[in-house]
Amino acid sequence: MKPTPFDYKVATAWCPGCGNFSILPAVKTALSDLGLKPHQVLICSGIGQAAKLPHYMRCNTFNGLHGRSIPPATGAKLVNPELAVIAESGDGDIYGEGGNHLIHAIRRNIDITVIVHNNQVYGLTKGQASPTSEIGFATKVQTEGVKTAMMTPLTMALSLGAGFLARSFSGDIPHMSLMIREAIKHRGISIIDVLMPCVIFNKLNTFQWYKSRVYKLEENGWDPTDKLAAYEKSMEWGDKIPLGILYRKERPAYEDLVSVLQGKPLIDRDYSPQKVQELFGEFI
Amino acid sequence: MKPTPFDYKVATAWCPGCGNFSILPAVKTALSDLGLKPHQVLICSGIGQAAKLPHYMRCNTFNGLHGRSIPPATGAKLVNPELAVIAESGDGDIYGEGGNHLIHAIRRNIDITVIVHNNQVYGLTKGQASPTSEIGFATKVQTEGVKTAMMTPLTMALSLGAGFLARSFSGDIPHMSLMIREAIKHRGISIIDVLMPCVIFNKLNTFQWYKSRVYKLEENGWDPTDKLAAYEKSMEWGDKIPLGILYRKERPAYEDLVSVLQGKPLIDRDYSPQKVQELFGEFI
Amino acid sequence: MDFSIKIGGQAGQGMQTIGAILSKIFSRGGYHIFSNQDYQSRIRGGHNFYQIRIAAAPVSAPDDQIDLLLALDDLSITEHEFELRNGGGIIYDGSKSKSAKEGSGRFNIPLEKLALTEGGKKVFVNSVASGAALGLLNYDISPLETLLYESFSKKKPEMLESNIKAARAGYRFAQDNYSQQFAHKFKPGPAVPRMVINGNEAIALGALAAGCNFFAAYPMTPSTSILVYLAGKQAQFNIMVEQAEDEIAALNMILGASYAGARAMTATSGGGFSLMVEALSLAGITETPAVIVLAQRPGPATGLPTRTEQGELLFVLHAGHGEFARAIFTPGSSEEAFYLTQKAFNLADKYQIPVLILTDQYLADIYRNIEPFDLSSLAIDRHLATEEDLKDVREYKRHQLTPSGISPRLIPGRTEHVVVTDSDEHTEDGHLTEDLDVRVKMVDKRSRKYQGLAGAVIPPVLDGPAETDLLLIGWGSTYGVIKEVTQKLNAEGKRVSQLHFPQLWPFPSERVVEIFKSATRKVIIENNSTGQLAWLLRAETGLTVDEKILKYDGRPFTVNYIRGALKL
Amino acid sequence: MDFSIKIGGQAGQGMQTIGAILSKIFSRGGYHIFSNQDYQSRIRGGHNFYQIRIAAAPVSAPDDQIDLLLALDDLSITEHEFELRNGGGIIYDGSKSKSAKEGSGRFNIPLEKLALTEGGKKVFVNSVASGAALGLLNYDISPLETLLYESFSKKKPEMLESNIKAARAGYRFAQDNYSQQFAHKFKPGPAVPRMVINGNEAIALGALAAGCNFFAAYPMTPSTSILVYLAGKQAQFNIMVEQAEDEIAALNMILGASYAGARAMTATSGGGFSLMVEALSLAGITETPAVIVLAQRPGPATGLPTRTEQGELLFVLHAGHGEFARAIFTPGSSEEAFYLTQKAFNLADKYQIPVLILTDQYLADIYRNIEPFDLSSLAIDRHLATEEDLKDVREYKRHQLTPSGISPRLIPGRTEHVVVTDSDEHTEDGHLTEDLDVRVKMVDKRSRKYQGLAGAVIPPVLDGPAETDLLLIGWGSTYGVIKEVTQKLNAEGKRVSQLHFPQLWPFPSERVVEIFKSATRKVIIENNSTGQLAWLLRAETGLTVDEKILKYDGRPFTVNYIRGALKL
Ligand SMILES: Cc1ncc(C[n+]2csc(CCOP(=O)(O)OP(=O)(O)O)c2C)c(N)n1
Ligand SMILES: Cc1ncc(C[n+]2csc(CCOP(=O)(O)OP(=O)(O)O)c2C)c(N)n1
Ligand code: SF4
Ligand code: SF4
Ligand SMILES: [Mg+2]
Ligand SMILES: [Mg+2]
């Protein structure tokens with residue numbers, strides 16, 4: 001990997017062989033290829049193995065609560081819009097505990113990028129099923145195997161009107177990096193579901209399992225503007241799993257629509273207690 | 001309305017003209033037409049004007065927290081499966097505050113019926129936008145009109161694999177009643193989005209507004225088994241709004257899959273503290 | 001002069017409109033006013049009332065009795081008739097009233113008919129009724145006309161004329177038919193520019209005066225009016241108001257915004273606050289400033305959504321897992337609500353902590369007309385890292401260990417430094433750590449903030465002699481009513497003092513111990529069922545009180561209630 | 001005899017497996033064992049350890065020093081070498097170790113090589129190491145073979161032989177090469193059927209013994225092992241275990257289940273509990289029984305996910321908006337964890353309240369070998385409405401006003417009555433009300449439960465003379481270590497007693513006041529930074545202690561730490 005300004009030398013807490021190791025350079029090169037500097041980027045993460053990512057690079061970091069990476073990203077972006085804001089966490093975090101924030105963030109369409117490290121399992125808490133675990137996947141809690149329908153998150157996101165949806169795979173750093181770049185460039189919320197092996201707790205969806213199934217949409221003349229096609233495609237899972245930009249549509253970002261957000265960043269405007277005087281008349 | 005065993009004479013706290021008034025008899029007749037008795041039915045509701053419904057009829061009632069009608073319904077149904085269990089609340093409650101429960105309840109597919117009184121507004125808290133409010137809908141909080149995408153809840157539910165999805169309208173009691181009957185008969189989770197006017201806070205989506213737009217799918221030879229068609233149809237909104245069973249597909253309910261749920265209701269089995277002796281060996 | 005009007009009716013009948021109109025009119029006429037509301041958790045129907053007290057001297061509590069009942073429905077008569085003082089009267093609409101009997105002190109005014117004939121629509125009943133009340137009192141009608149002009153000339157000019165006609169009709173009818181029969185009369189004095197403002201509006205203004213630029217909330221009575229008020233000021237005050245999908249999002253959003261440089265606030269009630277508790281703890285460990293308004297209502301759970309209670313002091317004090325510093329403000333009046341909210345932001349920024357403002361439905365909704373806030377000495381103190389702080393810094397450390405416990409704070413993106421923080425225990429540079437020595441240092445660092453916070457605590461307000469026979473102790477919204485009780489008892493020659501707490505955490509122990517020394521009988525008055533301040537007082541000082549006067553029926557205290565309980 | 005083995009290495013190297021094997025072997029050999037664990041919030045790498053104390057007499061705390069270090073990596077040597085007592089030794093694998101030097105007390109055993117040659121895979125290192133430890137001690141190898149047989153013969157028969165071969169190889173190598181150089185030797189005594197069980201397993205067993213039939217939770221360290229344990233017993237014990245989408249759902253689900261007739265429980269840690277706080281309040285007003293286990297870890301927020309703290313006592317005490325009754329159990333041992341959990345369900349059902357079980361990572365994970373639980377006197381008391389209760393009832397009232405505050409409880413669907421409850425304030429029949437007289441009656445009814453609850457409170461356990469020079473006070477997981485300190489000091493001729501609280505709410509004030517009278521020096525020992533019990537004690541009784549010994553680095557107390565702090 002060529003060096004980037006985002007490099008930060010520190011030991012990680014990931015397991016040898018974990019997919020997270022290749023997501024990290026993909027994020028760093030994407031940011032650096034976009035010409036961003038560490039202080040111009042904010043990563044908000046939740047809790048889980050994935051959520052540790054920003055600790056292993058140089059950038060502004062708000063590592064908050066499990067399931068809650070998106071709300072702080074929302075707040076930060078609205079007031080300090082010059083930051084490139086990424087919400088990054090695991091599948092349990094973003095699709096499970098934090099599901100409500102995801103669905104409403106899609107509706108809100110603020111210019112943030114959501115990167116989900118989807119290992120189809122709860123890694124940090126030692127291997128329980130996540131919303132994306134496959135039916136039949138057995139764990140110490142799901143002793144008879146998972147019985148609930150596997151979530152296909154991009155299908156759900158599409159149904160809520162998301163304007164940028166992509167899938168990538170931790171086995172392909174250039175592809176992840178490209179997806180992240182495109183996602184950040186997209187105005188409005190963008191969501192990237194990154195398939196990655198958890199070598200410890202997911203013995204079903206292994207590196208090889210993914211490797212042998214994934215294929216690239218862009219290599220197959222995919223038209224990412226066709227919503228209905230994207231809907232069908234988003235559910236493709238099994239022998240073949242599509243990677244790439246599933247759907248892309250420009251729609252106005254929240255920031256473009258809300259009057260008070262026009263002009264200087266909110267945090268740079270002038271505030272004076274004395275201005276409140278203007279309101280006294282209402283009460284007299 | 002013909003009398004039902006679910007009738008309960010009490011003054012309501014609804015406003016004159018409110019759509020809730022006609023949902024109530026629809027629920028009661030549906031239950032009574034199914035031959036159910038009040039003690040065999042449990043309605044779990046949240047908080048809001050809609051959520052007051054079970055107080056105005058005779059049935060088991062767990063009127064819980066705002067946004068949380070589905071989890072108690074889930075718990076109750078799993079242990080006491082002979083009850084017909086309904087989760088009933090407003091759009092703010094079920095699609096807003098409680099969104100995460102809805103999406104995971106769909107994945108879980110327990111045999112409960114979710115009835116959403118969708119007035120596209122927060123009624124009880126005096127008229128803020130809800131997730132189903134239309135773009136441009138102005139309120140005292142959304143002073144410039146709503147800027148976030150309107151949720152089409154059935155699209156989302158479909159994308160999560162729901163097996164019974166219907167829409168009805170408070171202006172048509174027999175239709176609502178039919179939908180509720182079919183929903184209760186459906187094994188697994190069923191969701192009914194009931195459009196209803198809020199005469200006080202929603203001056204856009206009025207009775208007339210709905211009345212002039214709704215049409216019945218069943219009268220148009222609709223095939224509720226075609227998922228892709230259902231997907232497209234679920235997004236139809238504006239000049240024409242479809243009512244009826246949008247999608248219906250049998251899929252195994254959670255209760256049919258989980259071993260411990262086979263046989264007698266959990267609450268009727270024998271429990272003895274002394275049985276724990278069987279486990280001592282593990283520890284010795 | 002001390003005159004009370006009660007406007008009663010069903011939700012949706014416009015009691016609030018009439019109440020607001022009359023309050024402003026009498027305020028402009030130089031009177032002191034105090035008004036409180038009682039409403040149910042429904043949008044139409046039921047029974048609500050709005051009570052206005054009009055007095056020559058400042059007043060700070062509702063009267064137990066009334067002089068004029070403006071009954072918009074029958075129930076209002078049966079419910080409140082008995083509250084009338086001798087010489088009081090009832091305005092009602094005989095055409096709508098089945099039970100009301102004519103007779104002395106009964107003023108049958110065809111409110112609806114006049115609304116229809118003069119304005120053409122039922123909505124004009126509000127203006128008819130306001131006019132009628134003024135007519136009965138022989139008050140000048142022009143202040144009402146002015147007010148209607150101000151309200152409608154710009155926003156709904158087509159409604160102006162009908163309103164004025166309706167108001168005049170009501171005025172004339174009352175004057176012509178009944179003004180002789182009603183003993184009370186008063187006239188406007190010289191205009192005084194006092195603000196008729198309630199607790200929530202004062203909080204909203206306080207936030208604006210603090211430069212709050214991000215507010216996220218989820219609607220919940222009785223906090224919603226803060227959300228609504230601020231939403232209306234977005235462009236004018238450069239504040240983004242976001243309705244969050246739930247309360248969890250609301251607090252997490254404002255933490256993100258605050259981290260990113262905003263001055264951020266949220267407001268909610270008990271149920272919503274419960275959902276914020278995890279993020280409160282996040283504010284604690286990430287040292288992110290946040291201002292959180294909790295407008296209490298009776299619990300548990302949904303409880304009584306539109307009533308009042310002070311049941312969450314101890315909850316707020318210990319809310320959040322783990323141990324971390326916070327401050328709790330408990331304003332007792334619109335003035336305190338304003339100044340304390342403004343201060344809360346400075347305190348939150350200085351100590352990088354959550355500051356909680358505990359109010360309740362009663363304070364949220366009571367109106368008093370007060371002197372306009374003095375803005376001259378207010379400042380926005382961000383306490384951000386200075387160039388000096390960063391002079392020799394190569395790698396910025398968001399959580400640098402310092403003697404005060406306060407680390408230099410940078411806004412991400414505004415320097416070349418990166419700002420790193422974490423919900424896990426972390427090193428000085430904000431990265432997660434499992435080094436247990438660092439853990440201890442960080443806990444100690446965060447608790448050291450209490451040294452500064454304790455020094456900055458707003459002392460309890462002692463009103464009355466230090467040597468006292470009876471000390472009446474309260475916090476938050478009971479301030480006004482205890483004040484009136486104290487004044488009355490003193491006027492009767494008793495030696496009584498009031499001790500009011502505008503801040504309860506850090507607890508001002510030293511000062512309390514001192515005050516307790518010279519007081520004989522000590523009574524705590526709280527709108528809850530357990531006596532939470534009494535408990536806190538004992539935990540912090542070992543002191544106990546002689547009695548607790550508690551009320552938990554969802555209604556506020558009244559002067560007579562407290563006097564009765566004091567058995568003096 | 002009192003011998004401690006520490007097994008150190010990286011996450012994933014199998015310290016837990018080796019620790020569990022050795023613990024059982026020595027337990028079966030008639031020894032008393034105590035083991036504790038220290039691990040990080042990661043799945044592989046880092047540094048973890050597992051320490052086993054093996055003694056002739058009962059032991060209830062870790063030793064500060066060790067006799068044998070089984071170092072699976074280099075770091076374990078550098079980190080723990082200094083803890084070795086004279087005559088102690090280190091087992092390590094020279095081929096993997098860069099820094100370790102040969103020498104006296106250094107036992108270089110080719111663990112990995114033996115695993116590969118004997119078993120063909122690295123995983124057999126666990127068996128090699130277990131064998132090596134026994135070989136060094138000249139302990140019999142057959143208990144190890146038996147255990148391996150029990151573990152593998154059914155579940156993974158293909159692994160059995162290799163494991164036994166590996167174990168034998170390790171045993172033999174140690175015996176042949178080093179057993180002469182290691183002074184410590186011990187042999188199995190007559191078999192004693194004690195249970196090697198940790199706090200979480202004891203809680204899970206307690207729940208099963210209470211007939212818990214619904215458990216919903218969201219995974220969170222250190223509570224997850226309760227979820228995992230119960231999930232494995234679903235069919236056998238007729239308990240449904242559901243992984244909820246979040247903690248809000250978890251508690252709301254169990255409230256629905258409990259309402260519908262189940263005995264329901266959830267377990268979580270601080271962050272998850274924060275999210276449950278709203279539903280806790282719902283349990284309060286709907287009077288729905290619930291058992292909630294909160295396994296504490298250091299906060300705030302994510303804090304130190306795998307460490308221990310007692311930082312949430314006051315949070316749990318006041319958690320939830322509004323005021324409502326609850327009970328808080330604070331077990332100090334596996335025995336208390338079991339019996340109190342079993343009791344919690346009966347108490348929750350009787351008073352129709354939430355019962356909170358406060359434990360922590362330390363208690364959750366420590367193993368002791370204890371006498372099998374005495375099940376003979378345990379019963380499942382549902383306290384449901386009887387035929388008698390319903391005899392003359394035409395319309396059943398779920399929230400009927402009664403002198404005890406407890407209303408007859410019916411299971412929906414099991415009679416022709418309907419069971420109605422509400423998060424709003426409600427009438428006796430469960431329907432929402434805005435009648436403020438009813439409100440007061442309902443608040444009073446719910447608080448009356450405290451009369452019964454206070455009578456049923458488990459008194460604090462006083463161990464040692466009532467007249468004492470030194471009273472060591474603690475709650476929850478500090479029980480064991482304070483017990484050892486007390487025993488040691490008494491053995492040295494000092495007059496010391498221990499006061500342990502297995503239940504902290506309702507607070508057993510009377511008994512404490514009495515006990516305090518005859519104690520001279522009173523010291524509270526808590527695993528937190530503020531002294532939460534000390535605060536509660538003062539709030540409830542006005543009493544203060546002479547000192548607080550606090551620890552908040554995420555690690556539990558040790559005997560020496562407390563002794564040092566006592567400066568005796
Ligand atoms: C409120 C809350 N609940 C539970 C946890 C415990 N927890 C930490 S990480 C995690 C799941 C992690 O799964 P995922 O998000 O998929 O991340 P991964 O470790 O697989 O990368 C859980 C449940 C927590 N920290 N906070
Ligand atoms: C945790 C929580 N947040 C907020 C509220 C306040 N609240 C009560 S009802 C309601 C919205 C109601 O809207 P909806 O669910 O659409 O029901 P409607 O009144 O429109 O039928 C809100 C926000 C609450 N009770 N609890
Ligand atoms: S547990 Fe799984 S996801 Fe977590 S670091 Fe290890 S391999 Fe990666
Ligand atoms: S506010 Fe709207 S939804 Fe609520 S009762 Fe009135 S009309 Fe119906
Ligand atoms: Mg994961
Ligand atoms: Mg609604």
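Reminder, nothing fancy here: chain letters follow the sequence lines and each chain counts from 1. All of these numbers come straight from a predicted model, not from anything done at the bench. All heavy atoms count here, side chains included; hydrogens, waters and symmetry mates do not.
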Would you say B:Lys275's side chain and D:Leu208's backbone share a donor-acceptor pair under 3.5 angstrom? no
Look at D:Glu395 together with B:Arg58 and state whether they make a salt bridge at an N to O cut-off of under 4.0 Å. yes
Lys/Arg-Asp/Glu bridge criterion (N-O < 4.0 Å) met for D:Arg414, B:Glu82: yes
Need one label for B:Tyr254: side chain, backbone, both or neither, based on atoms under 4.5 Å from any heavy atom in chain D. side chain
Can you tell which of D:Leu282, D:Asp424, D:Val420, D:Thr421 makes a side-chain contact (heavy atoms from CB on, under 4.5 Å) with B:Asn63? D:Asp424
Distance col, row D:His431:NE2 vs B:Tyr8:OH, nearest 0.5 angstrom, shows 3.5 Å
Output for pair (B:Arg269 CZ, D:Ile239 CD1), nearest 0.5 Å, gives 11.5 Å
Turns out that what part of B:Cys44 lies under 4.5 Å from chain D's heavy atoms comes down to neither
If the contact rule is any heavy atom under 4.5 Å from chain D, which residues of residues 68-75 of chain B qualify, in numerical order? B:Arg68, B:Pro71, B:Pro72, B:Thr74, B:Gly75
Are any of the side-chain heavy atoms of B:His101 and D:Ile248 separated by less than 4.5 Å? yes
With chain D, which of B:Pro265, B:Ser259, B:Gly64 has the greatest number of heavy-atom pairs at distances under 4.5 Å? B:Gly64
When you compare the side chain of B:Leu78 with that of D:Phe214, does any pair of heavy atoms fall below 4.5 Å? yes
Select one option (side chain, backbone, both, neither) describing which atoms of B:Val79 are under 4.5 Å from chain D's heavy atoms. side chain
Rounded to the nearest 0.5 Å, how far does CZ of D:Arg398 lie from CG of B:Asn60? 12.0 Å
Side chain from CB out, backbone as N, CA, C, O: work out which of these in B:Leu266 comes under 4.5 Å of a heavy atom of chain D, or both, or neither. both
Applying a strict 4.5 Å limit to non-hydrogen atoms, the region of B:Ile47 in contact with chain D is side chain
Is there a donor-acceptor pair under 3.5 Å between the side chain of B:Asn80 and the backbone N or O of D:Pro412? yes
B:Lys52 versus chain D, the contacting section by heavy-atom distance below 4.5 Å: side chain
Can you say whether B:Gln262 sits under 4.5 Å from chain D via the side chain, the backbone, both, or neither, judging by heavy atoms? neither
Let me know if B:Ser272 has heavy atoms under 4.5 Å from chain D in its side chain, its backbone, both or neither. backbone
Find the distance between CZ (B:Phe62) and CG (D:Leu255) and round it off to the nearest 0.5 Å. 5.0 Å
Chain D contact residues among residues 26-41 of chain B, heavy-atom distance under 4.5 Å: B:Pro38, B:His39
Please flag which part of B:Arg108 lies under 4.5 Å from any non-hydrogen atom of chain D: side chain, backbone, both or neither. side chain
